[in-house]
Amino acid sequence: MNEDLPSYLAGLNPEQLQAVRHEGSPLLILAGAGSGKTRVITTKIAWLVRERGMSPESILAVTFTNKAAREMRERAESIEPACSRAVIRTFHSFGAWFLRRNALAAGLDSNFTIYDDDDSAVLLQAVLPSRTRQECNRLASRIARAKDFGLEPDSPDLERAFPEPEFRRTYAAYQDRLKKTGNVDFGDLIRLPARLLASEPAIAKRTQQRFRVILVDEYQDSNVAQFRLLRLLAGPETYICVVGDDDQSIYRFRGAEVRNILNFAQVFPGTITIKLERNYRSYQSILDLAGDVVSHNSGRLGKTLRAMRPGGEKPLLALLDDQEQEVQYCTSIVKSHLAKGGNLSDIAILYRTNAQSLAFEKDFPRMGIRYRIVGALRFYDREEVKDVLSYLSLILNPRDEIAFKRVANKPARGIGDTGLETVLDAAARSGEDLLTAAGGCIDELRGRGKAGMKNFLAMIHGFRKALGLSDRMDAQGDPDARENRDDTNRDDTNRGDTNRDDENRAAPGEPEPYSISDGGTRRADPGTTSLGELLQALIRETGLAEYHKGQDEIAGTQKLSNLEELVNAASLYPLGAEGLAEFLETIELDRSLQAADPSESAEAVTLITMHNTKGLEFPVVIVTGMEQGLFPRDDEEGEDLEEQRRLFYVAVTRAKNRLFLTACRWRRIHGRLFETVPSRFLSEIKPELFDARGAGGKATSFGPNPYAARPGYGRASYSPPPQGNARISQQSGTRPDMNSQWRAGATVYHDEYGPGMIVKVSPTPSSGPLVVVRFESGKLAQFFPKFTSKLERVKE
DNA sequence: TCACAGTGACTTTTT
DNA sequence: GTCACTGTGA
């Protein structure tokens, strides 16, 4: 580089530098795995502030995870401290931020609380009492998906995407009920701001004037609703820059729309595209393998990663008999890594489904291997934690029906279903909030429940008072607390309004600026009581402490100490309605109790789903379960199959130094043992790019790569069983004539599921054909006709 | 109101 | 195989 660059730019490669300094048109940065994309985006924020004199508060940067938002903020700040004033948030946290500031216009109380997926399903069940919990779960997730696609209950094309009967009505009824409870769900955090911007030109104009620059990270994961919001946020003058990698789009099933990134340049005319293809993480040997698989996808923007670390050992595929051997094999990798002076935390074991972690969890302690599981059961999903959070939600929002139902009788105070119904009916009739309604119909309650309810109400009112919430029962919250927040006319989205831009940030010059909802770093003022103390009192007075203590003793659980953890988390927030709202929002939007978990820092092997590895890297990566039927599943085709290839690409590109793959011939799924064949993805890799071994890591006698002899294996359903590899093929069972009875398109009848049609037939070495059936109910299931008598072929 | 057993489901899951 | 939900019986 022959120009004098400030030090923070000096280390960038030419493409990165170009991306940082680009101006004047929409910018799409296609950033391959490990190409330094976070560095580019954070440097760009700093550069805009430093070199272009951009005021930080006119910069909006959105990400998808809180972790990414935190990292982005920290890194931008470390280059340029003024970046702390930029709005760097997740999409959802930005939505919540925006809605609280425009609550009145959005028809919300600014103290609204956010329902998670589980709460949504429970609410839906209240709307549809005749449906089972499971149906409600499914419907709730369909509604969430509809919101991802930006569809409203009155959208004309709702049925096209959601043809299930009554869906429109269900969606509308759910939305109606949600509005009554004064809550929003995740989808609303995107949907409602977009609606507001579309319908209120004044708000749109003010917002567009404020945010001159919008940056989006992980753009390939955005959904239609988020895309719409982005377009509404961007005015004609807005500089828009998105960063992403179409090859790493792995959340289609949750509504992510790869086309957002594929079509970006068409939608935003004049777009400049910059590709970051230099990979600083992995050896070339690893990237070659990753690139080979993903190159089988169609509709890519196309990138070729070049390793800045050439060479590297060939990835190794272990062909194993069963899961026990797989654990054994991983153990041997761990042990030999340790023997070479490596650390446990260098190693990650990846799998497709959470259930696969079980085998490792069972055996690792015996093997003396410490492990940590990333993302399994989450702290805030725990029963005892949700209980306390529900108390808090109800205290803040007495209309919160789900919270009320959850805690009114927990611990038991004699309020049964009948009692609950009485109160809910009364509230529905009078339109009062639940506490008021409960107070009003207390004499209708019978027996123990009467005193129980009185007690309960007194307690809740006591806590409301402690928080400074109005005790006028008709109030939705304290008017004083809202005074500054939901006034649409308040000019807090005006770009000139720098210092009080965000009341949650300290004015410049004050020590330690804090943030809500995305950092969890907010401190309660020293000397004042913190929210933590209120929580402590609540846990004691409600009887939850006693209740869970008992549970702990019986079941040996850690519930009480989990509650202590929660108290700790709350003690960072000030006592008061706003502190509480912030606390709840942070929790709702960031379920990962960050770093407070001591195991986080512990020296241990990481067990993790492939999905959860995005953004992470490890010196040693073992991708387990490379079997057809598991990864990919047999019913995955087209777009779904391409997404699985991308998932493989993500998994593999986590590895810095060594990559191992495993496939088991026998796999237990849902308690049943299946014979499998190796994943078709393995046949999509040029054979010379990896070595295959048998059990125990010993080189096997068959050729350098058993897949070499089988071009086309796994590509089609009718491909012959694997040849030439004794360990995995054992070809015997599949006779071609079996396929004539079980062929795609054939009609079948199943004892339990009824009539259906075969959509796919895959031969297996010795289990006969595996048929995938789509039933008239819509259900998709797979069977080995050899092992079941419930599936019959129907003659046409 | 609670405890227990039977039933059925069951990829992934940033927010 | 495991878990969570459902319904029954005391």
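We name chains A, B, ... by the order of the sequence lines, and we start the count at 1 in each one. On a predicted model such as this, the values are computed, not experimentally measured, just so you know.
- Distance, A/Asp217 CG to B/dT15 P: 13 Å, rounded to whole Å.
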Nucleotide by nucleotide, 5' to 3', does protein get under 4.0 Å of the base (B), only the sugar-phosphate (S), or neither (-) in nucleotides 1-10 of chain C, counting heavy atoms?
-> BS--SS----
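- In this structure, CD1 of A/Ile373 is placed 12 Å from P of B/dT13, rounded to the nearest angstrom.
- Backbone-only contact: A/Ala412 has heavy atoms under 4.0 Å from sugar-phosphate atoms and none from a base.
- Atom CD in A/Gln356 sits roughly 13 Å away from atom C1' in B/dC10 (whole-Å rounding).
- For A/Asp363, the salt bridge (charged side-chain N to carboxylate O under 4.0 Å, His left out) partners at least two apart in sequence or on another chain are A/Arg366.
- Between A/Arg70 atom CZ and B/dT14 atom C1' the separation is 12 Å, expressed in whole Å.
- Nucleic acid contact class of A/Arg413 (heavy atoms, under 4.0 Å, all strands): none.
- Applying the salt bridge (charged side-chain N to carboxylate O under 4.0 Å, His left out) criterion to A/Lys454, with sequence neighbours excluded, gives no partner residue.
- Applying the salt bridge (charged side-chain N to carboxylate O under 4.0 Å, His left out) rule to A/Asp116 yields the partners A/Lys386, A/Arg591; only residues at least two apart in sequence or on another chain are considered.
- Note on A/Ser93: every side-chain N or O is 4.0 Å or more away from OP1 and OP2 of B/dT15.
- Each of A/Asp417 and A/Asp117 was matched to the nucleotide of DNA chain B holding its nearest heavy atom; the match closer to the 5' end belongs to A/Asp417.
- One interatomic measurement links the two molecules: CD of A/Glu257 to P of B/dT15, which rounds to 21 Å at whole-angstrom precision.
- An OP1 or OP2 oxygen of B/dT12 is reached within less than 4.0 angstrom by no side-chain nitrogen or oxygen of A/Asn612.
- Among the atoms of the strands shown, only primed sugar atoms or phosphate atoms (P, OP1, OP2) are found under 4.0 Å from some heavy atom of A/Asn409.
- For B/dT14, neither phosphate oxygen OP1 nor OP2 lies less than 4.0 angstrom from any side-chain nitrogen or oxygen of A/Arg89.
- Stacking between A/Phe253 and the base of B/dT12 is present: ring centres sit under 5.5 Å apart and the planes differ by under 30 degrees.
- For the pair A/Arg138 CZ and B/dC10 P, the interatomic distance rounds to 5 Å; values are reported in whole Å.
- Between the side chain of A/Arg254 and the base of B/dT15, at least one donor-acceptor pair of N or O atoms lies under 3.5 Å.
- Not less than 6.0 angstrom separates the ring centroid of A/Phe648 from the ring centroid of A/His296.
- A heavy-atom distance below 4.5 Å is not found between the side chains of A/Arg633 and A/Gln644.
- Atom CG in A/Leu589 sits roughly 8 Å away from atom P in B/dT15 (whole-Å rounding).
- In this structure, A/Phe631 and A/Phe681 have perpendicular ring planes: the angle between them is above 60°, well past the 30° mark.
- Residue A/Ala256 has its side chain nearest to B/dT14 when only B/dT12, B/dT11, B/dT14 are considered.
- Residue A/Tyr251 is classed as a base contact, given a heavy-atom separation below 4.0 Å to a base.
- Listed by chain and number, the residues in a side chain to side chain donor-acceptor pair (under 3.5 Å) with A/Asp188 are A/Lys147, A/Gln175, A/Arg191 (sequence neighbours excluded).
- Separating the CD atom of A/Gln226 from the C1' atom of B/dT15 is a distance of 8 Å, rounded to the nearest angstrom.
- Every residue two or more places apart in sequence or in another chain that forms a salt bridge (charged side-chain N to carboxylate O under 4.0 Å, His left out) with A/Asp221 is listed here: A/Lys614.
- The side chain of A/Asn66 places an N or O atom within less than 4.0 Å of a non-bridging phosphate oxygen (OP1 or OP2) of B/dT15.
- If you check every strand for non-hydrogen atoms under 4.0 Å, A/Gly95 touches nothing.
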